[in-house]
Amino acid sequence: MDTVFGIPGGSVLPLYHELAVASIRHILTRHEQAAAHAADGYARASGKPGVCIATSGPGATNLVTGIANAYMDSIPLVAITGQVSVAMIGRDSFQEADITGITLPVTKANYLVKNVHDLAATIHEAFYIATTGRPGPVLIDIPKDITTQRALFRYPPKLHLPGYRCKVQPHALQVAQAAAAIGAAEKPLLFIGGGVITSGAHEEVRQLAEGQDIPVVMSMMGKGGFPETHPLFAGMVGMHGTAAANYAMCETDLLIGVGVRFDDRVTGKVEAFAPKAKIIHIDIDAAEIGKVVQAHIPIVSDARQGLAAILEKLPGKGEHQAWRQQIRRWQEENPLRYEKGGLKPQYVLEELYNLTKGQAIICTDVGQHQMWAVQYYPLSRPRTFLSSCGLGTMGFGVPAAMGAAVARPGETVVVITGDGSFQMNIQELATISHYQLPVKIIIMNNGYLGMVRQWQEFFFDRRYAYSEMLGNPDFVKVAEAYRIPGRLVNESREVVPALEEALAAEGPFLVDVRIDREENVYPMVPPGGTLNKMVTGGKGA
Amino acid sequence: MAQGNSGRTGARAVIEALLDEGVELVFGYPGGAVLPLYHELARTPIRHILVRQEQNAVHAASGYARTSGRTGVCFATSGPGATNLVTGIATAYMDSVPVVIFTGQVPTRMVGSDAFQETDITGITIPITKHNYLVKDVEELPRIVKEAFYIASTGRPGPVLVDIPKDVALAPCRAPVPDRVELRGYKPTYQGHPGQLRALARSLGEAERPLIFAGGGVQVSRAEDYLRQIVEKLQIPVVTSLTGLGSFPEDNPLSLGMVGLHGKPCANHALMECDFLMGLGVRFDDRVTGALEKFAPRARIAHVDIDPAEIGKNVRVDLPLVGDISCILKELLPLVEPAGHGPWLKRIKELRNLYPLTYGRGGEVRPQWVIERLGEMTRGQAIITTDVGQHQMWAALFYGFTEPRTFISSCGLGTMGYGLPAAVGAVLARPDKQVWLITGDGSFQMSMAELGTAREQGLPLKILLFNNHSLAMVRQLQHFYYERQYTAIEFTGNPDFVRLAECYGAEGLRISKQEEVVPVLARAMGNDRLTLIECLISPEEIVYPMVPEGAALDEMILPE
Amino acid sequence: MKRTLSVLVENRPGVLSRVAGLFSRRGYNIDSLAVGRTENPAISRMTIVVDGDEQIIEQVGKQLNKLIDVIKISDITNDPYVGRELILIKVNADPSVRGEIMQIVDIFRARIVDIARNSLIIEATGDADKIDAIENSLRPFGIREVVRTGKIAMLRGAKTRGMEASGNGTGE
């Protein structure tokens, strides 16, 4: 552990007192939620567990969204909260909240430490549970009097967790079945998700795809797990996936899901999902298998181990030329496209891609810009796309980028956000300014909660009920109030110079892009629809 | 494909129920799962306030509720929208504020499948709501909404959450909104027990050094007038908790102000010397009692509260009385004889002289002095919302509250970031009043995005921001308890708050010298715009008095 | 001090987690908790055995009473009531010791509900002391597995409910 994110407060002061003399870097955020998101971003970017600290009561409750967010995306996060002294618990004391009760549904495990002698073992366990198996957030709630008592801090030699089994070897028989199925398939499709990133299986994915000539699609969590510029890559699937990926999903005869959970944003109407396919599902979490779609060949294991085992059984090369060409045709017939003219967010992303040569770490918030970022900024390296995929948390982007900037110094870290999302953690400009974190913030500003507006346009008679954001500040001036330089972009021709300036700046930079206000995200599969019935642009639904 | 169904949907039934309850304002933030509710809301005269983060929707609804005495309402979507509410709900719960929260949820068939933006918000909020509902049958929706308002606003008020899956909101609904609520498990007690009432009257008559300790419950039950009558008839001095500020006018000679950890010296001493303490709508929080075993050592304690679970929870009570404070004081009035308590009041006067409220050392501009001036200039009649930290205590100690429902602050949970959204709610509830937010640089940044809301709604809020570039209450604790080792409290990345305010179209003013205080406050009071005053103060200011951990209330640390 | 509370609650999803959450949040110790439907399908009864001093028990009652889904709480500890627990014990039983085991079963008026080659499952009901006693008596044979319910309780006689702990602090 080298960095923690947090905010001090009464009941967590003993911890801070010790932190000050330890060689751990502390990043003081301006809201605890941002501390949790920053630790989450740190974990996503580095592969190491993120750590955040908050005080009892409101400090702890402010973490809830950040913890829930990490939980939905399986991010290893250890949250440490102060609590009122043991004798005060349960009496509605000042700044008391039952944070272990509150976070029960959104943590992998949580602890209220009532004995100082349990502390070492608990911390050890927490990190172990957070980082192994399917990773996730773990919370440790430590009453103030526990942190001031003395105890020998010694990690126990062995953890005793009879209810937690996280090391699972792929089952040989199922591996053999999977290999045979791959050998026999005519239209196989690899579908990669967050598990590929977590387990570092990107090399195995590439070997399987290239060796057996299998096209690859991804969930949003899988972005970066396979080079998107690769000829075998067909795009993201799901509600805002590419036409080729969604058509492929509907036509494949063998779907190899690796570290995915068949979320509703991916499957659309479950009954009509991958209707012609046999399904291989590799996941470390046995509970994911069969949860949404029935897998014909389930493999409970780490994505990397599972793929490696399958690769061993597939020494020869495969060839699926017709299938590959079919997908290529779909891609050519249905490219991602947008109407030119005006100031288009897609154009901004394309230029950003050109200027950064596709090598930036992209952090997004949630909304239309998130989908545009997925679509128009192809990535090729794992741990370079940081986005709240499962919980869809607006406000994630900026603090996550702070975590990424701390974890990966020297890399270009860009936040793609919207005016709505950005304001959810706008105060973190102070943290960025304080630590001079070189985060580049690009706001796709349309003065709307754009995704909400789009849904209202499509599904709610164009009644834009309270989705317009009036009262927005001039974001460039706001940045300047924090001594962060910024640039306002009103026209297309200003995009490249502004991005160049942002990227050239040594420290943080903010670009406020006033995009076309009613630009929509296409394609779109209406919620609960089948994947091959997309709305593919043009006007209206 | 259109989801904005005509016909009477669950969503429309909810909105009908809101109209039925007389709801005039909803604070919220739209998102996928709650869109059906928004679709219907937009057709009604109910005003919607779009906040910048859901947490602030609850805070604003809470500020509205506390100022107006009505129930606050907010809307949020599923997943992060719902989890963002948690701090706001917990804050309202700890201060017993009536708020009804509607969250969208993923469609019923997807509940439990980790769907996009799905969170078990009813599970999460069990510990911090008075009650909550996950609605699975559309025909139950009208009844549940009715119940939610009833539960939130009666007995000891509190937040109630109603989680509505999207398919339920879109389903046709035939059930009418019921006329009345039938709840087997919920029957709050309002009338006091006659025997106990007589005992209380007797004890008050026998006491030589009685003291009234008024808390938030007094204002919840609108008992301020009865309280004043009792006080005047019996000549009993009054101390208040933090939530009790405003329940008894501080310009009344019998008012001693706030007690507790940072209580006024004479209030704390009076509490230690009294022989009979009548707690009204208080919960004897640890910030009030100091060391429990040394609390009010000479006093018999009577405790009047609508929540029986509060009685005997923290301190031993000699005379419990469960019921509504208005009801009880009204019935008590004819049972007591007028009294003078001359020697006791003389002693109180002595205490005032012996232990005046003073500032201690500090920088060029003294925050205490600034707040005193603000109190004078607004004649103690503005609505003051605060955040949490040193400034909260200074506001409580130095403003001088004279009217009920004018001190709006997160007292129980101590939530930084409460003040600005609460002020938004307060000014919407009382457009006739001047609303001031007293805040600090740390707290303000936790919800400063709401400047956008204030601007959008054209709210003429006044913000007095004490900037010491640090978390100074934390610094104060480190000063006293952690060998003056100041860790993680310095805010070097603070913005220029005046410029920041200007970005939101507000008037930005700055105070850096004492002589600027009065003119700048006057200027802010004179305009009708959103105004922010940045007041630069020293991070070395200390909130005095301060009762050290484990000490009795009269063992305060006072300025040298 | 152990107290037995008989609690009527609305038969709704989530009631159990509300009650269990309250105990853990307030730091009360639950000894056992059993819940099931009553004669009215809309209402369930929980029998909760709590450990704590008088002040804690009073708080437990009052706090439980604040839950909207809790209809009524009776502390029946000092009333005459029938209290029962159920235990299932899987015990090693090769043919040589079966006779001995069956004697014990008879003494406790328990029943054998499953027979395998080398083991038996024994079912017993009774108060906690009796259940402890039968478990102890069978221990020498080698207990493989024990499943035990919490206590359920019912007032003796025609009375259907006991003293209310509704916690109106005024007392009667």
Side-chain angles (χ1 to χ4, degrees), chain A residues 8-10 13 16-17 19-20 26 28 30-31 57-58 61-62 64-65 68 72 88 91-95 97-98 101-102 104-105 263-265 291-292 391-394 423-424 426-427 430-431 433-434 449 452 455 459-461 463 465-467 470-474 477-478 481-482 526 541, chain B residues 1-4 30-32 35 38-39 41-42 48 50 52-53 79-80 83-84 86-87 90 94 110 113-117 119-120 123-124 127 285-287 313-314 413-416 445-446 448-449 452-453 455-456 471 474 477-478 482 485 487-489 492-496 499-500 503-504:
Chain A
L13 284 185
Y16 270 89
H17 193 62
L19 192 62
H26 176 264
L28 176 68
R30 265 53 178 180
H31 190 291
T61 55
N62 276 349
V64 172
T65 297
M72 289 295 269
M88 307 298 295
R91 293 166 171 268
D92 312 303
S93 305
F94 179 67
Q95 294 195 330
D98 172 23
I102 289 170
L104 215 50
D263 176 70
D264 55 300
R265 289 280 148 131
K291 188 182 80 175
V292 178
L391 193 65
T393 311
M394 294 171 69
Q423 292 185 73
M424 288 222 171
I426 191 169
Q427 76 286 345
T431 312
S433 168
H434 182 160
L449 299 172
V452 169
W455 280 54
F459 311 121
F460 290 93
D461 318 331
R463 186 187 298 162
Y466 313 112
S467 50
L470 303 169
N472 279 352
D474 179 331
K477 292 221 171 80
V478 169
Y482 288 89
Chain B
M1 191 158 78
Q3 301 181 3
L35 285 184
Y38 271 91
H39 190 66
L41 183 70
H48 178 267
L50 177 68
R52 265 55 187 171
Q53 212 261 29
T83 55
N84 277 348
V86 170
T87 297
M94 287 294 266
M110 287 201 249
S113 75
D114 312 306
F116 179 68
Q117 293 194 331
T119 300
D120 173 17
I124 288 174
D285 175 71
D286 53 308
R287 288 282 145 134
K313 189 182 77 175
N314 289 341
L413 195 65
T415 306
M416 293 170 67
Q445 292 184 70
M446 289 218 175
M448 54 171 250
T453 308
R455 177 197 212 175
E456 176 172 346
L471 292 168
V474 171
L477 294 174
Q478 290 172 340
Y482 297 91
Q485 178 189 300
T487 308
I489 50 126
T492 49
N494 273 357
D496 177 329
R499 286 188 67 184
L500 187 75
C503 294
Y504 287 90

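Proteins come first, then strands; the chains are lettered A, B, ... in the order of their sequence lines, and each starts at number 1.
Residues passing the side chain to side chain contact (heavy atoms under 4.5 Å, CB included) test with A:H434, sequence neighbours excluded: A:R30, B:T492. With sequence neighbours excluded, the residues forming a salt bridge (Lys or Arg N to Asp or Glu O under 4.0 Å) with B:D114 are A:K291, listed by chain and number.
With a threshold of 4.5 angstrom between heavy atoms, B:L35 approaches chain A through its backbone and through its side chain. Heavy atoms of B:D120 lying under 4.5 Å from chain A belong to its backbone as well as its side chain. For A:H17, the parts lying near chain B are the backbone and the side chain together; criterion is any non-hydrogen pair under 4.5 Å. Contact annotation for A:M424: both backbone and side-chain heavy atoms come within less than 4.5 Å of a heavy atom of chain B. Looking at B:L471, only its side chain comes within 4.5 Å of chain A, counting heavy atoms on both sides. Contacts of B:A488 with chain A are made by both backbone and side-chain atoms, with heavy-atom separations under 4.5 Å. Heavy-atom distances place both the backbone and the side chain of A:L391 under 4.5 Å from chain B. Only the side chain of A:L449 comes within less than 4.5 Å of a heavy atom in chain B; its backbone stays farther off. There is no contact between A:T431 and chain B, counting heavy-atom distances below 4.5 Å. Contact of B:T415 with chain A is made through backbone and side chain together, with heavy-atom distances under 4.5 Å.
Between chain B and the options A:G101, A:G9, A:S93, the largest number of non-hydrogen pairs under 4.5 Å is found for A:S93. Considering only heavy-atom pairs separated by less than 4.5 Å from chain B, the leading option among A:G392, A:A68, A:A97, A:S433 is A:G392. Considering only heavy-atom pairs separated by less than 4.5 Å from chain A, the leading option among B:A90, B:A42, B:G31, B:G123 is B:A42. Ranking B:L477, B:T119, B:D286 against chain A, the residue ahead of the rest is B:D286, based on heavy-atom pairs under 4.5 Å. Top candidate by heavy-atom pairs under 4.5 Å with chain B, chosen from A:V478, A:D98, A:D474, A:L13, is A:L13. Counting heavy-atom pairs under 4.5 Å between each of B:G79, B:P80, B:C503, B:A115 and chain A puts B:P80 at the top. Ranked by heavy-atom pairs under 4.5 Å with chain A, the list B:D285, B:I489, B:T453 is led by B:D285.
Considering CG of A:D92 and NZ of B:K313, their distance stands at 3.5 Å, rounded to 0.5 Å. Here the OH-CG distance, from A:Y482 to B:N494, works out to 7.5 Å after rounding to the nearest 0.5 Å. For the atom pair CE (A:M72) and CZ (B:F116), the distance works out to 8.5 Å, reported to the nearest 0.5 Å.
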### B:M110/A:V292 under side chain to side chain contact (heavy atoms under 4.5 Å, CB included): CA gap, chis, key distance, verdict
CA-CA 10 Å; B:M110 287 201 249; A:V292 178; over 6 Å; no
### Message
Is there a side chain to side chain contact (heavy atoms under 4.5 Å, CB included) between B:Y38 and A:V452? Walk through the geometry before answering.
### Response
CA-CA 11 Å; B:Y38 271 91; A:V452 169; over 6 Å; no
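Checking side-chain atoms of B:R499 against main-chain N and O of A:K477 turns up no donor-acceptor pair under 3.5 Å. A:Q427 places no side-chain N or O within 3.5 Å of a backbone atom of B:M448 that could act as its donor or acceptor partner.
Here the closest heavy-atom approach between residue A:P105 and residue B:I124 is recorded as CG-CG1, 3.7 Å.
With contacts defined as side-chain heavy-atom distances shorter than 4.5 Å, the pair B:V86/A:T65 does not qualify. Residues A:N62 and B:M446 form a side-chain contact, since some pair of their non-hydrogen atoms from C-beta on lies under 4.5 Å apart.
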